[in-house]
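Bear in mind the structure is a predicted one, so any value in this text is a computation, not a measurement. Just the heavy atoms: all of them, side chains too, but no hydrogens, waters or symmetry mates, feed the values below. As the structure lists them, so they are numbered: ligands from 1, and atoms in each ligand from 1.
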Amino acid sequence: MIARGDPRRAIPGVDRLLARPWCELLIATWGRVWIADRVRAVLNGVRSGEIPLPDAVDDYEQLVEMEVARAGTLSLRGVVNATGVILHTNLGRARLADEASRAMSSAAGYVNVEFDLETGERGSRYTHCAGLVTELLGAEDALVVNNGAAAVAVALAAHAAGRGVAVSHGELVEIGGGFRIPEVVEAAGARLVTVGTTNRTRLDDYARAVAAGGVGAILKVHRSNFSMSGFTEETSLTELVRLGAESGVPVIHDLGSGLMVDSDRLGLPYEPTPAMSVAAGVDLVAFSGDKLLGGPQAGILAGKKAGVAQARAHPLCRALRCDKVTLAGLEATLTLYRDPDRAMERVPVLKMITARVQDLERNARSVARTVTRLRAERGAEPLRLEAVRGQSLVGGGTFPDARLPTAVLTLEAGAATDRWMAALRTNVPPIVARSRQGRILFDFRTLRTGGDSILAAALLHLDVDTRGGE
Ligand SMILES: *Cc1c(COP(=O)(O)O)cnc(C)c1O
């Protein structure tokens, strides 16, 4: 109970606030039920003393608007990636090409995802992208599912459930996010048959396992996220394909990254492509849509007609299918690869990998100069900014040993590091950067177009706590 004479007795009722013209505007945008809840939340705050008691009924406008902004903020928001990690798993891996974004936005409406426009009859979702993938890889058929892990799981379940999967000891890897080959084999209802040793596995090792019987598939896993050197030996795909053909056992290649152009073009160490696996004659190659391919999250299986058909017919395929928006984005991305030069220009992942350090450096220096000048003009405390050379990572479990020379803007932050990092994260849009030993680092390689100005504006408003001696 609120005591007689307590000023909180003057708190208006919910209905009174809902009837104010400013509240009617909010209701028109957000709906009455939700705005009524926001008004109640504000009134509760005032009653509990958490929010100072407003003088007049229209003083509630700002309070309700703040509550609407707080509760109405979407959980998933676009961020500025200043980490320098191009395929940043926590930031959604690949940034998509504009062509893909547009296609995805238009697929948000009704689309012919399972409708044949020629016959007017029901069509198959699995026809979309399949033609493009086969065209680009020279494969007989292809299938798109939810992600790379799903592609491997469907392939194994369709070809080896209830039987053995022969895998080299050196390829029992963990990809990250809990994707471990032994567990995927088990989840697919198959039995793991490890062959060879950690550092050396020969064709003979596979041949003996296959000859022993009960092997439903030979699985080769690309070591995408680590490297091995020294006294090592592995069996080539070509040898495995020959063994598979002789013994009637399908060969599945878990390739991972899905690079669709020659790695030479990226100036990076050699990385095999799915087209190479297809050319080697594997029954199925599995790779991701959102790693080096640079598209939306998806998993692609490509290879022989029979191998793909069996995967498509498996019930897991239905459970792991991807939606119309993904298919639209993937199709638009794949289309760019019809002309590899165009892909290099238009696919942001490839463009960021090949960005010239001189250009990035020019951008970093320009932001430092602008911020310094504008802060001086406003009489704000100066920031200690410096453009230096650094190293970016491709990320996403690809090119584990590659370091790309880059330009980094460093901000001396000292004791303010945590506070400033938090301020950057709550910027609109949020800016995600790295910090190291009292310095905040902004890598310009992963900044999108316009990212420089967003960063400059945020730095302009960083507040230096002069009392703290920062
Ligand atoms: C990344 C990767 C996967 C998993 O693909 P997701 O798209 O992350 O599900 C599987 N195998 C290999 C070799 C990989 O590199």
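- Annotation: His222 places no N or O atom under 3.5 Å from an N or O atom of ligand 1; distance criterion only.
- For Thr232 (side chain) and Ser229 (main-chain N/O), no donor-acceptor pair under 3.5 Å exists by modelled atom type.
- Cation-pi check for Arg321 over Tyr126 is not met; the charged atom does not lie both under 6.0 angstrom from the ring centroid and within 45 degrees of its normal.
- Distances below 4.0 Å separate heavy atoms of Ser288 from the following atoms of ligand 1: 5 (O), 6 (P), 7 (O).
- For residues 188-197, the set of pairs meeting the side chain to side chain donor-acceptor pair (under 3.5 Å) definition, not counting sequence neighbours, comprises Thr197-Asn199.
- A donor-acceptor pair is defined here as one N or O able to donate and one able to accept, closer than 3.5 Å; no such pair exists between the side chain of Asp204 and the backbone of Arg208.
- Some N or O of Ala149 is nearer than 3.5 Å to an N or O of ligand 1, by distance alone.
- Residue-to-ligand polar distances keep Val221 apart from ligand 1: every N/O pair is separated by 3.5 Å or more.
- Nearest protein neighbour of atom 1 (C) of ligand 1, counting heavy atoms only, is Lys291 NZ, 1.3 Å.
- The atoms of ligand 1 that sit less than 4.0 Å from any heavy atom of Arg93 are 6 (P), 7 (O), 8 (O).
- A donor-acceptor pair under 3.5 Å links the side-chain atoms of His128 to the main chain of Val113, judged by distance alone.
- Protein heavy atom in closest approach to atom 11 (N) of ligand 1: Asp254 OD1, 2.7 Å.
- By the salt bridge (Lys or Arg N to Asp or Glu O under 4.0 Å) test, Asp264 is found to be paired with no residue, residues two or more places apart in sequence or in another chain being considered.
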